[in-house]
Structure formats: structure tokens, C-alpha cells
Amino acid sequence: QVQLVESGGGSVQAGGSLRLSCATSGYTYSSHCMGWFRQAPGKEREGVAAIDSDGSTSYADSVKGRFTISKDNAKNTLYLQMNSLKPEDTAMYYCAASSYPLCVFGGTWSDRNEYNYWGQGTQVTVSS
């Protein structure tokens with residue numbers, strides 16, 4: 001049984017940092033595309049960042065230069081380092097896993113329909 005468990009969310013002031021973690025089990029973690037998504041109240045879930053099986057990364061324009069996605073294959077854990085946080089980053093953040101090794105789905109990496117497994121989410125709140 002595949003399980004993704006996020007942690008590391010919390011409340012911070014604008015300009016602060018957080019690091020999210022996603023522990024995986026029951027899954028060949030290192031061989032698949034993994035991603036982070038977020039959903040703010042009243043908005044659709046959107047892609048934040050993704051990382052291929054070979055380590056190539058992709059980011060939403062809104063987080064480029066501030067967020068970094070990485071993974072530790074030995075620990076089966078995905079990370080999202082978030083710096084220079086803004087109030088508009090406030091959302092529930094979800095870890096997701098695809099059945100494919102590369103995060104290329106019809107020209108985009110952020111099609112959430114291509115991610116088969118999801119965590120329960122961790123809340124990030126950024127105050128001004």
C-alpha cells in the first residue's frame with residue numbers, strides 16, 4: 001500500500017522559511033516523478049514544483065527562486081524548502097507521486113490527473 005505523509009507545515013511571518021517533508025512507503029520512490037501541489041481556500045489545486053526520477057526539477061513561476069524541491073532516495077523522502085514566504089503562499093500543501101519516471105505530461109509537469117498518489121496535506125500559513 002502506497003502512503004505519502006507530509007510534515008513541516010506551520011505558521012510563519014512573511015519573509016520566513018519552512019521546509020516541508022514527504023515520507024513515502026510502499027512505493028519505488030526513486031524511480032518516479034514526485035511533486036508538490038497546493039490549494040488555497042476557494043481555489044483550484046495548483047502545481048508548485050516537481051522532480052523527475054533523474055533529479056530534474058520544474059517550478060511554478062510564482063515560486064521560482066524562492067522554493068527548492070529535492071529528494072533523499074536513501075530516506076524515501078521528498079522535500080520542499082520554502083524561503084522568502086509571502087502571504088499568497090498560504091495554502092494546504094500536498095505531496096504527490098506519479099507512475100511515470102519523468103514529469104512530462106503533454107508538455108506540462110503540473111497536470112494533477114497524472115499523479116496517482118496523494119498525501120493528506122500539511123497547512124502553511126504566512127502572515128503579513
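Asn113 is linked by a side-chain contact (heavy atoms from CB on, under 4.5 Å) to Asp111, counting only residues two or more places apart in sequence or in another chain.
No side-chain heavy atom of Glu114 sits under 4.5 Å from any side-chain heavy atom of Trp109. Residues Ser70 and Gln81 fail the side-chain proximity criterion, which asks for heavy atoms closer than 4.5 Å.
No chain of hydrophobic side-chain contacts below 4.5 Å, direct or via other Ile, Leu, Val, Met, Phe, Trp or Tyr residues, connects Tyr94 to Leu85. Under the 4.5 Å side-chain heavy-atom criterion for grouping Ile, Leu, Val, Met, Phe, Trp and Tyr, Ile51 is connected to Tyr117 within one hydrophobic cluster.
Of the options Leu20, Asp72, Ile69, a side-chain contact (heavy atoms from CB on, under 4.5 Å) to Tyr79 is made by Asp72 and by none of the others. Here the rule is ring-ring contact (aromatic ring centres under 6.0 Å, His included) with Trp118, and of Phe37, Trp36, Tyr93 only Phe37 fits it.
In this structure, the ring of Tyr115 has its center less than 6.0 angstrom from the ring center of Phe105.
How far CD of Glu6 is from OG1 of Thr24: 11.5 Å, rounded to the nearest 0.5 Å.
Closest approach of Ala14 to Ser128, counting heavy atoms only: CB-CA, 4.3 Å.
Note on Lys86 versus Asp89: no salt bridge recorded, every NZ/NE/NH1/NH2 to OD/OE distance being 4.0 Å or above.
Contacts classified as side-chain hydrogen bond (donor to acceptor under 3.5 Å, both in side chains) and involving residues 8-20 (residues at least two apart or in different chains) are given here: Ser17-Asn83.
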Which pairs would a plain distance check flag for residues 41-50, meaning a side-chain donor or acceptor within less than 3.5 Å of a matching protein atom at least two apart in sequence or in another chain?
{"residue": "Arg45", "atom": "NE", "partner": "Gln39", "partner atom": "OE1", "Å": "3.3"}
{"residue": "Arg45", "atom": "NH2", "partner": "Gln39", "partner atom": "OE1", "Å": "3.4"}
{"residue": "Glu46", "atom": "OE2", "partner": "Arg38", "partner atom": "NE", "Å": "2.7"}
{"residue": "Glu46", "atom": "OE2", "partner": "Arg38", "partner atom": "NH2", "Å": "3.3"}

